[in-house]
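What follows is a single structure, written as structure tokens, with notes after it.
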Amino acid sequence: MVLSFVVQALIMVGLVNYLSDSYGKIWIYGLGLMISIGFGLIMANWISRSYESVETALKESQEKYKVLFQILPIGVSITDKEARILERNAISESWLGTQDILEMECLQQREINPNVLRADGSPMPVAEYACVRALQRDHAVYDVETGIVCADGTLRWFSVSASPIPLEQYGVVIVHADISDRKFAEQAMRRSELKLQAFLDNAPTLIAIKDLEGKYLSVNQEFAYFMQVPEADILGKYDYDFFSAEAVKHIRRYELQAIFEGFAIDFEQSLHLPDGMRTFWVTQFPIMDNQDKPCAIASISIDITDRKYAELALKESEARFQKIATISPEAIYILIRNPDGNTFFEYASPASEELLGLSVEDLKRCPNLRHQIFHPNDLAGYEKVMGESLKTMQIFHHEWRIVTPQGQIKWIKSQAMPERRANGDVAWYGFAIDISDRKQSEIALAHVESDLKNANQELQRLVNLDGLTQIANRRCFDERILYEWQRLHREQQPLSLLMFDVDYFKRYNDHYGHQLGDECLLRIAQAVDQLVCRPADLVARYGGEEFIVILPNTNLEGAIAVAKNLHEAIADLQIPHQDSDVSDMVTISMGIASDIPNLERSPYVLINQVDQALYYAKQQGRNRSVIFTD
């Protein structure tokens, strides 16, 4: 408006200068003044009306924003540049409380907030928060799955998005969409899948699932065990990768029959496996999709190599995963343990009746049944293993005996997966089979193996024993010196050897006879063996009247002390030797050598050294010890 007055003023000045007539100037000034005043009034009125219109529109926009902000079914928060909450709607406040646990001023003091979780349930670092990432990167971050322990203590799951606000006084807008129902449903589904997988992996039968073309999609642990192939090396392959063409043709014929007819097929199949030929009773059944059409083929195989079942009650028109417990010939059960320690069967399959000799109704009706049918000698062992499974919540697996009401003693093998329920009960989902035949074979084999072990030990003792002196022989010495040489090399500890023989022993034999000569060697060997008594020490007959002593972890000083004791022990025997040049009693000559073993040298170097020392002892007059020196 000021600009218009300036322009008018300039025009008026120009007209006045142009019209020099003073009378004309008055009219011109008056006319210009009237025009300026009118123009100014018009502009002022127009500006005032425009301002009122903008102000009205702004108020309407703000009202719409406030209404929309409050009625949105999602949580919305607006922060400043420091992530402090400036404004939030009622939904956000009701979910998260009056204090937002995502505010930066609360998070700067720690990198992890235990109340904020990742999608996998682990604590979410501050740097991964949607609001922090949006502020740091200056662009929107969408759908960050976040678990938050809210102000009321409940865990909620949100899909959190954050986007920067391009205004100086604002930071980001944070949107929380509640996905708790979806998340909890996913977790429930996962628990159900784990429970089913636990049944499959603990089943004592072979279970496999293939697609309609025969490619393996899934196998349980028992299947991989029998194949002796890792599960990962089975998946994605076909039967012809493992079995003969004739066996594959037989199996495929029944698979196609099950697929096209839509119900379970039973047949007997023999297969060459890594541990030999085995025969299985196989049940195959189609798995149906949502349109009740086959989408895969499942099989349950029971090893009947050692025992044949007369009849298999594995006939069912529709068989899916939830039917496995019904069609399995093994005893399947759910055992419940209350917090007070009492147990009862929540479920028992029909096979339990044959196994335990009790009807299913009796099994479910009788609490603490173990006290009635478990063998007294095996009850404590069962309680211990069950207690460990209860404490660690790990798989229970055990073998024990039962005594049926009919008086039969049976061996039972069982595996079960524990699960703690919300009411405090613990449930074991398990399988049990009769292993009496196998156990009896194992017991008989154990007796045979024990006898064989004892015989082998005696044979080993005799092989390493000198028949005359009843101490270690040369063969035993050779084995021990190699072992000690390697061991003491690792430990860098000394090894000493003593080698001695009886002075003038040939004269002794000639003078007293070979029988007394043998008796002399026996007495010397036993005296030395009693003197050298550390567990690692060894006294051996090296040949003829020559003996050798191994002294591990013994230095030269220790070896000299042992040698002195040996001379005294032989002297104490007081064995007469009238044909000796050094004494009228039996004496010995001895060589001593010591070294720290080194694998770059052979232990026979040390043997040669002690042999040379013995030679020098004889040369120097016998009845003495000589230390080997280079």
Side-chain angles (χ1 to χ4, degrees), residues 47 49-187:
I47 290 173
R49 295 176 62 185
S50 298
Y51 177 76
E52 292 176 356
S53 176
V54 170
E55 192 175 48
T56 301
L58 179 60
K59 289 182 179 180
E60 292 177 353
S61 177
Q62 289 177 337
E63 290 299 324
K64 292 178 181 179
Y65 159 74
K66 288 182 178 179
V67 173
L68 181 62
F69 187 72
Q70 293 300 330
I71 68 173
L72 282 174
I74 57 178
V76 181
S77 303
I78 297 175
T79 75
D80 61 11
K81 296 295 185 182
E82 301 300 324
R84 290 186 291 266
I85 300 299
L86 299 176
E87 190 174 358
R88 69 196 321 169
N89 66 354
I91 290 291
S92 178
E93 187 169 328
S94 67
W95 285 345
L96 303 177
T98 56
Q99 177 67 30
D100 197 328
I101 63 174
L102 300 180
E103 288 188 20
M104 283 296 293
E105 62 182 4
C106 296
L107 301 175
Q108 288 172 344
Q109 299 178 1
R110 53 185 175 182
E111 296 182 356
I112 296 291
N113 186 340
N115 292 329
V116 182
L117 309 177
R118 289 179 171 141
D120 62 1
S122 63
M124 178 182 289
V126 171
E128 296 181 14
Y129 292 0
C131 61
V132 174
R133 290 162 56 187
L135 281 170
Q136 291 177 346
R137 303 177 186 178
D138 196 27
H139 65 73
V141 176
Y142 298 103
D143 299 327
V144 179
E145 192 170 297
T146 306
I148 298 177
V149 180
C150 299
D152 59 0
T154 61
L155 173 62
R156 287 179 181 271
W157 288 94
F158 300 97
S159 176
V160 182
S161 301
S163 178
I165 301 175
L167 295 176
E168 183 176 354
Q169 66 273 32
Y170 293 102
V172 294
V173 58
I174 307 173
V175 177
H176 297 77
D178 191 347
I179 59 170
S180 298
D181 291 343
R182 187 201 78 191
K183 188 70 176 180
F184 293 145
E186 291 175 354
Q187 293 174 347

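Values below: every heavy atom of this structure, side chains too, minus hydrogens, waters and symmetry copies.
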* **Option from I174, V116, V144, L135 for which side chain to side chain contact (heavy atoms under 4.5 Å, CB included) with Y129 holds** => V116
* Structure fact -> Interatomic distance, OH@Y142 vs OG@S159, rounded to 0.5 Å, equals 12.0 Å
* Asked: Is there side-chain contact between V141 and V172, with heavy atoms separated by less than 4.5 Å?
  -> no
* Could you give all pairs that pass the salt bridge (charged side-chain N to carboxylate O under 4.0 Å, His left out) test and reach residues 127-138, with sequence neighbours left out? -> R118-E128
* Structure fact -> All heavy atoms of P164 vs all of A134, minimum pair found to be CG-O, 3.7 Å
* Test side-chain hydrogen bond (donor to acceptor under 3.5 Å, both in side chains) applied to D178 - qualifying residues, sequence neighbours left out -> R156, S180
* Structure fact -> Between V173 and I78 the two heavy atoms that sit nearest each other are CG2-CG1, 4.2 Å
* Identify the two heavy atoms, one from A162 and one from A130, that lie closest to each other, and give their separation to 0.1 Å. => CB-O, 3.6 Å
